[in-house]
Amino acid sequence: MLWIILSILRSIPLVGSFFSENDQSLYPVVQRLLKKTRKIAIIGYGVGGASTAYFLRELLGSSVELHVFGDGEVGGRAKVVELAGKKYEAGAVICNKKSLYMGALTKKFGLKKAMVPDDKFAIFDGIHFVFQSTASTLVTTLTLLWRYGFGIFKMLSYMHKQWRNFTGIYDMQRKGETFTDPAVMTKAMAMGNDSFYHLTQISADEHFLKELGWGSKMVNELVSGICRNIYSQNISDITAMVGAVSIAGAEAENLYTIVGGNFQVPMKALETSAVEVHNARVTKVSRVVTPDKTSPSFVLNYTEDEVVGQSEYWDAVIVACPLETSDIEFVGFDTDNWSSIKKLKFHRTVANLVHGKLNPKFFGAGEHKALPQVILTTQMKNPPVDFQTIHVQYPVSLNAQEAATIDTAQVYRVASSEPLTEDQLNLIFSEYTDHTVVDWTNAYPEYNVPENLGSFVLSDGVYYVNCIEHISSAMEMSCIGAKNVSLLATDYLHKQDQ
Ligand SMILES: Cc1cc2nc3c(=O)[nH]c(=O)nc-3n(C[C@H](O)[C@H](O)[C@H](O)COP(=O)(O)OP(=O)(O)OC[C@H]3O[C@@H](n4cnc5c(N)ncnc54)[C@H](O)[C@@H]3O)c2cc1C
């Protein structure tokens, strides 16, 4: 009602001049009141889409109507499954204390952290363990030094340096800085120095072996094992950035999971952001110019409960799912500079969750030998079973104390390129009772060297969170992408208001 009265008043010449644009005190207020609420559509309700909703609500308050379209369960790749009466993470597991957004959202939503226990680990080369940690930190450090030399210290100092570069993003985003593409973002993170961006353009093995001169044993065993554990890909195939993120994420004392499941972060972000959620798969985004506007508007086509629908007009659209896998058609856009992204591949990884006992013989260990909780692998030649990593998976119901005191865990997660067959499970496990498989056909980008990083800006008014996965894929990266596109969309809408 108020805006109708104000519109009428403005249309009367004398009164209208009272609200002239020269009147610095009154005009902006009135102008804001006259403006109709802006409408933004977000496609995807994983961590990226849901945190975008949260950041947009924070930035734009009630001046914006937010709608989120998502396919399947809220959480996307943050997903729990049930096995033997308990729930386990089947996708994203680990958060890092240095990742500020995930930490802040976890706290804000009253969720509890379970610190990851300092599990023992070993590196398996397909025949036997080439390295095993022990319960004593001192003995483990000495064994690491014995096998890999002082390269271990270089690796630690490298990890701290890359964290320093990485965390620079938080200050910039706090000040409202925006980035049109991940290349500009990585350059800014290293204070304008190209060294951080360079990591996206060179392979991990070349960077660690040739550029940094790390020993080949350490790179091919320890570094390779860590990278295969995090991204299921070999160090010759991933960028140095993905390698650096993997190494930086290996500091056990900083790692945690969220009690009850990581999916609760996106779920709570949607709940607290006053959004309208549509369980619908978006098939098309069209750019249209409505008769009453000079700036573009957007229309979405979607399927909801097998019914095809077309949305009303949106002032801005946020794409928070990978273009490579989401099958969205874009109509009325100049797609030349970003259509190449759609052709990139995503990597498949299978989470085999197995309730059973590992078979020490398979790992070349004595029959009664206690096996470590984490088994990393080198790039194995003709392995009897091809897998990238095995680790104990704790139920999501465990709190920090319980996780730290647990000594015999029975559920293992085996990451492999294909679902493991019964015969393969019988080789790795001496016995098992239950098992379930989550086949992530599109887990994370299949990294290329040099990497095509894409752009956060698909067009004026259409922004893309998931190009950030080409720097590296992780829940925190999705939050950083979400913050960036929220700032970009806010700038865009403010400019339109001027
Ligand atoms: C096996 C595995 C292990 C991982 N481990 C970790 C880890 O330990 N720590 C970590 O930080 N990260 C990990 N990751 C990566 C992490 O899961 C992702 O980077 C992050 O969850 C991506 O979130 P997102 O919201 O950007 O994308 P997604 O979670 O994929 O969400 C995208 C959403 O968009 C929806 N969608 C897609 N297409 C459409 C459409 N056309 N219309 C409407 N909706 C659509 C999807 O259904 C989904 O809900 C792991 C990933 C996998 C697969």
Side-chain angles (χ1 to χ4, degrees), residues 41-53 67-79 81 88-96 98-99 101-103 116 229-233 242 245-246 248-250 255-258 262-263 265-267 269-270 277-285 300-304 309 311 317-330 346-353 388-389 391 393 413-417 437-445 464-482 485:
I42 300 167
I43 308 172
Y45 48 34
V47 173
S51 58
T52 303
H67 290 240
V68 182
F69 294 78
D71 193 24
E73 291 163 42
V74 169
R77 280 170 273 170
K79 173 190 173 76
V81 290
Y88 297 87
E89 294 287 2
V93 190
I94 302 293
C95 308
N96 193 301
K98 293 182 184 167
S99 299
Y101 292 130
M102 281 301 287
V116 171
N229 179 41
I230 308 267
Y231 289 105
S232 304
Q233 292 166 68
V242 175
V245 169
S246 306
L255 308 182
Y256 69 91
T257 62
I258 294 169
N262 297 328
F263 72 94
V265 170
M267 204 176 75
L270 293 180
V277 178
H278 305 263
N279 189 228
R281 185 165 183 89
V282 174
T283 51
K284 186 154 80 177
V285 179
L300 303 188
N301 286 56
Y302 56 88
T303 43
E304 190 166 8
S311 73
V317 174
I318 310 290
V319 181
C321 49
L323 282 179
E324 295 91 331
T325 63
S326 54
D327 221 6
I328 302 173
E329 186 189 353
F330 288 84
F346 255 48
H347 190 79
R348 180 187 187 191
T349 188
V350 179
N352 306 269
L353 287 147
Q388 289 84 41
T389 183
H391 58 81
Q393 185 82 58
R413 176 158 149 179
V414 186
S416 58
S417 315
V437 169
V438 179
D439 189 347
W440 295 102
T441 45
N442 296 305
Y444 12 67
Y464 180 40
V465 176
N466 293 70
C467 62
I468 202 154
E469 289 194 73
H470 292 275
I471 299 179
S472 70
S473 175
M475 294 182 287
E476 182 70 4
M477 295 305 286
S478 289
C479 291
I480 292 171
V485 300

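For ligands, and for the atoms within them, numbers begin at 1 and follow the listed sequence.
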Heavy-atom check, side chain of [X] versus side chain of [Y], under 4.5 Å:
X	Y	value
Ile480	Tyr101	yes
Pro445	Ser473	yes
Val319	Phe330	yes

>> Using the ring pair (Phe, Tyr, Trp, His ring centres under 6.0 Å) criterion, which residues pair with Tyr302? Sequence neighbours excluded.
In response: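 Applying ring pair (Phe, Tyr, Trp, His ring centres under 6.0 Å) to Tyr302 gives Phe69.
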
> Going by atom types alone, do Asn442 and Glu324 pair a side-chain donor with an acceptor below 3.5 Å?
Replying inline: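 No, no side-chain donor-acceptor contact under 3.5 Å.
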
> Can you find a side-chain donor-acceptor pair between Thr349 and Gln233 that sits under 3.5 Å?
Replying inline: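 Side chains of Thr349 and Gln233: no pair found under 3.5 Å.
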
N/O to N/O under 3.5 Å, ligand 1 against protein:
from     : atom 1 : to     : atom 2 : distance (Å)
ligand 1 : 8 (O)  : Val93  : N      : 3.0
ligand 1 : 8 (O)  : Ile94  : N      : 2.9
ligand 1 : 9 (N)  : Ile94  : O      : 2.9
ligand 1 : 11 (O) : Met475 : N      : 2.9
ligand 1 : 19 (O) : Ser473 : OG     : 2.9
ligand 1 : 19 (O) : Ala474 : N      : 3.2
ligand 1 : 23 (O) : Ser478 : OG     : 3.4
ligand 1 : 25 (O) : Val47  : N      : 3.1
ligand 1 : 25 (O) : Gly48  : N      : 2.7
ligand 1 : 26 (O) : Asn466 : ND2    : 2.8
ligand 1 : 26 (O) : Ser478 : OG     : 2.9
ligand 1 : 27 (O) : Arg77  : NH2    : 3.1
ligand 1 : 29 (O) : Arg77  : N      : 2.8
ligand 1 : 30 (O) : Arg77  : NE     : 2.7
ligand 1 : 30 (O) : Arg77  : NH2    : 3.1
ligand 1 : 41 (N) : Val282 : O      : 2.9
ligand 1 : 41 (N) : Ser326 : O      : 3.1
ligand 1 : 42 (N) : Val282 : N      : 2.8
ligand 1 : 44 (N) : Asp71  : N      : 3.4
ligand 1 : 47 (O) : Asp71  : O      : 2.6

